Chemist: 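What follows is a single structure, and I will ask about it in a moment.
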Amino acid sequence: MHALHSTAQVAVIGAGAMGAGIAQVAAQAGHPVKLYDNRPGAAAQAVAGIDRQLQRLVEKGKLQPADREAISARLQPVDAIEALADAHLVIEAIVENLQIKQALLRQLESLCAPACILASNTSSLSITSLAAGLQRPQQVVGMHFFNPAPLMALVEVVSGLATAPEVAATLYETAKAWGKQPVHARSTPGFIVNRVARPFYAESLRLLQEGAADCATLDALLRDAGGFRMGAFELTDLIGHDVNYAVTCSVFDAFHGDFRFQPSLVQKELVDAGRLGRKSGQGFYCYADGAERPQALALHSQAKVDGCVVEGQLGVMQPLITRLRDRGLSVTERAGTGLIRVGEATLALSDGRMASQRAREDGLRNLVLVDLALDYQAASRIAISWSADTTGEALDQAVALLRQAGLNVSGLTDLPGLVVLRTVAMLANEAADAVLQGVASAGDIDLAMCAGVNYPQGPLAWAEQMGVGYTLRVLENLQRSYGESRYRPSLMLRRSVAQGARLHD
Ligand code: NAI
């Protein structure tokens with residue numbers, strides 16, 4: 001299947017933040033673009049705004065002045081919808097309302113040629129529902145850009161029940177020709193990104209609610225150990241709690257109240273209080289002039305250690321050994337079950353059980369659990385928790401070892417799965433379920449999470465790196481601790497383990 005030719009007329013409806021960005025992308029790719037908005041003057045205003053954006057690119061040396069003129073000449077604001085009759089592709093980015101979008105699509109169907117592709121930038125409405133009742137539902141497809149459209153690479157190409165495969169394929173190739181990273185998705189609640197990303201917010205909100213640590217510490221752990229660009233609290237403050245909470249509620253409702261997507265009371269309280277984040281000056285953090293940003297908490301230690309004994313393989317935490325040696329600590333390796341012994345303390349990578357539970361079940365004294373890190377050689381911070389019987393002296397020795405390896409050490413209350421581990425396990429679980437349900441391929445889901453929300457690694461590739469069996473065990477332990485269906489492992493993970501098959505095809 002080929003992309004639409006760059007001379008094909010494109011029409012964008014809705015000249016708000018998204019419509020203007022999409023019009024700019026299409027014009028930059030060489031298409032003549034008509035922009036229409038039912039608010040008089042809005043389309044012309046948006047074109048003037050795009051012009052200013054292009055001028056800024058010229059000033060930064062990223063665009064030639066002649067190209068800027070050519071792009072601007074291709075952008076035409078129109079004030080009557082009838083002017084869009086010659087379009088080969090219409091992308092609507094109007095208000096997020098099913099009835100209004102359906103009425104617009106009906107109008108377009110009678111106006112445009114039968115072969116015209118009718119694309120919707122909706123982020124939450126079903127493409128199947130949008131197309132229902134139309135004469136040519138096969139022409140309707142989702143083209144979900146991310147904000148800001150000129151900068152964000154990802155485009156989810158969303159097929160409803162009736163969408164013709166050729167239409168989705170043409171749109172996919174067209175998005176690619178526009179310099180975007182398209183992925184295919186089936187029309188299901190949240191498509192890929194807005195579904196698979198839910199646990200990123202949900203697990204931090206839950207950890208906060210259960211008193212694991214404060215916002216600044218939890219955010220720092222996702223950044224400095226997890227390799228995410230931002231922690232969940234600073235990110236939701238940026239997105240706006242009204243917007244983020246509404247997306248969670250819409251996905252939760254669309255899944256008929258599946259507990260996996262249950263909205264957080266902590267976030268609801270912020271919305272109720274009008275603490276919407278940066279835009280209102282207060283969210284989890286305060287943005288008033290001169291307000292001090294709270295610092296992440298870190299443990300200190302009076303102890304000094306020379307090295308440790310590693311018993312058996314540490315799994316995904318194995319690279320920590322190199323880091324310890326690089327810092328001049330002696331590491332003696334011997335057979336065992338994946339433990340680090342230092343002084344009185346025993347350290348182990350979390351497996352999703354609470355430290356006190358694991359200490360009792362496995363007969364380990366002075367147990368200190370270590371969280372997952374994206375890269376144990378590069379991480380600058382790590383979370384630990386410890387069993388109730390761990391002595392102050394043993395804890396001091398464990399902290400000293402990690403600090404001498406150059407890590408800031410943040411202590412959590414004794415909760416299952418720590419921070420990065422439970423977040424990544426839950427992201428992988430959601431991604432696996434989306435694969436199982438045919439929403440998208442494993443490759444496209446990983447691509448979408450990296451290109452759409454800047455994850456440092458696709459959740460499924462991450463699960464494979466950790467070991468799918470280990471990821472499954474973490475989830476089973478979380479479910480055992482909480483007794484909630486929220487943590488139920490996806491059949492996809494169980495099947496992958498049972499068959500010894502990879503998650504990526
Ligand atoms: P916006 O409110 O900034 O712009 C919507 C524009 O559509 C307004 O200029 C409005 O006058 C116009 N409009 C409303 N009804 C119309 C109609 N019947 N005919 C013609 N024009 C009409 O909204 P925004 O943020 O640009 O969102 C637009 C769409 O994109 C929504 O479906 C939204 O869910 C989706 N989206 C939004 C993202 C975001 O981050 N804002 C990200 C991805 C998708």
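Both counts, for ligands and for their atoms, begin at 1 and track the order of listing. Just so you know, these numbers come straight off a predicted model, no measurement behind them.
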Chemist: Atom 3 (O) of ligand 1: which protein heavy atom is closest, and how many Å away?
Modeler: Ala17 N, 3.3 Å
Chemist: At less than 4.0 angstrom from any non-hydrogen atom of Ala93, what atoms of ligand 1 do you find?
Modeler: 5 (C), 7 (O), 28 (C), 29 (C)
Chemist: Assess, by modelled atom type and distance only, whether the side chains of Asn244 and Gln267 contain a donor and an acceptor separated by less than 3.5 Å.
Modeler: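 Indeed, the side chains of Asn244 and Gln267 share at least one donor-acceptor pair under 3.5 Å.
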Chemist: Quick one: look at Phe145 and ligand 1, take heavy-atom pairs under 4.0 Å, and tell me if it's side chain, backbone, both or neither.
Modeler: backbone
Chemist: Does the side chain of Leu235 reach to within under 4.5 Å of the side chain of Phe200, using non-hydrogen atoms?
Modeler: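 Side chain of Leu235 against side chain of Phe200, heavy atoms only: contact under 4.5 Å found.
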Chemist: Any donor and acceptor pair, going by atom type alone, linking the side chain of Asp79 with main-chain N or O of Gly41 inside 3.5 Å?
Modeler: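 No, because the side chain of Asp79 does not come within donor-acceptor range (under 3.5 Å) of the backbone of Gly41.
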Chemist: Among all protein non-hydrogen atoms, which one is nearest to atom 27 (O) of ligand 1, and what is the separation to 0.1 Å?
Modeler: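 That would be Met18 CG, 3.9 Å.
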Chemist: What part of Ile100, side chain from CB on, backbone N/CA/C/O, both or neither, has a heavy atom under 4.0 Å from ligand 1?
Modeler: side chain
Chemist: Hey, looking at atom 31 (C) of ligand 1, which of Val95, Ile94, Asn121 has the closest heavy atom?
Modeler: Ile94
Chemist: Which protein non-hydrogen atom lies closest to atom 4 (O) of ligand 1, naming both residue and atom, and how far is it?
Modeler: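 Nearest neighbour among protein heavy atoms for atom 4 (O) of ligand 1, to 0.1 Å: Gly16 CA, 3.3 Å.
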Chemist: What part of Leu125 sits under 4.0 Å from ligand 1 if we count only heavy atoms: the side chain, the backbone, both or neither?
Modeler: neither
Chemist: Is Leu104 near ligand 1, meaning one of its heavy atoms is under 4.0 Å from it?
Modeler: no
Chemist: Backbone N or O of Val419 within a donor-acceptor pair of the Thr423 side chain at under 3.5 Å?
Modeler: yes
Chemist: Report, in ascending order of atom number, the atoms of ligand 1 lying under 4.0 Å from any heavy atom of His144.
Modeler: 43 (C), 44 (C)
Chemist: So which protein heavy atom does atom 8 (C) of ligand 1 come closest to, and at what separation?
Modeler: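 Residue, atom and distance for the closest contact: Asp37 OD2, 3.4 Å.
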Chemist: So Met449 and Asn454, do their side chains get closer than 4.5 Å, heavy atoms only?
Modeler: no
Chemist: Does one side chain, of Gln457 or Gln465, offer a donor that lies under 3.5 Å from an acceptor on the other?
Modeler: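 Looking only at side-chain atoms, Gln465 and Gln457 do form a donor-acceptor pair, the distance falling under 3.5 Å.
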Chemist: For atom 40 (O) of ligand 1, decide whether some protein heavy-atom distance is shorter than 4.0 Å.
Modeler: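 For atom 40 (O) of ligand 1 the answer is yes, since some protein heavy atom falls inside 4.0 Å.
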Chemist: Could you list the atoms of ligand 1 found under 4.0 angstrom from a heavy atom of Ser123?
Modeler: 34 (O), 36 (N), 44 (C)
Chemist: Do me a favour and list the nearest non-hydrogen protein atom to atom 20 (C) of ligand 1 with residue, atom name and distance?
Modeler: Asn38 N, 3.3 Å
Chemist: Has the side chain of Glu234 got a donor or acceptor atom that lies under 3.5 Å from a matching backbone atom of Gly231?
Modeler: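 It does hold such a pair.
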Chemist: Does a sphere of radius 6.0 Å around CD in Glu210 hold more than 12 heavy atoms from other residues, nucleotides or ligands, not counting ones at 6.0 Å or beyond?
Modeler: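 More than 12 heavy atoms, drawn from other residues, nucleotides or ligands, come within 6.0 Å of this atom.
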Chemist: Can you confirm whether Leu161 is buried at CG, in the sense that more than 12 heavy atoms of other residues, nucleotides or ligands lie under 6.0 Å from that atom?
Modeler: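 Not more than 12 within 6.0 Å, no.
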Chemist: Heavy atom to atom 32 (O) of ligand 1, shortest distance: which of Met152, Glu92, Glu156, Glu96 holds it?
Modeler: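 Among Met152, Glu92, Glu156, Glu96, the closest heavy atom to atom 32 (O) of ligand 1 comes from Glu96.
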Chemist: So, are Lys101 and Glu96 salt-bridged, with charged N and O less than 4.0 Å apart?
Modeler: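 Looking at Lys101 and Glu96, the cut-off is met.
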Chemist: By number and element, which atoms of ligand 1 are closer than 4.0 Å to a non-hydrogen atom of Ile13?
Modeler: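 By the 4.0 Å cutoff, the relevant atoms are 20 (C).
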Chemist: Checking contacts now, so for atom 23 (O) of ligand 1, which I'm interested in, is there any protein heavy atom under 4.0 Å?
Modeler: no
Chemist: Give a yes or no on whether the backbone of Gln9 and the side-chain of His31 come within a donor-acceptor separation of less than 3.5 Å.
Modeler: no
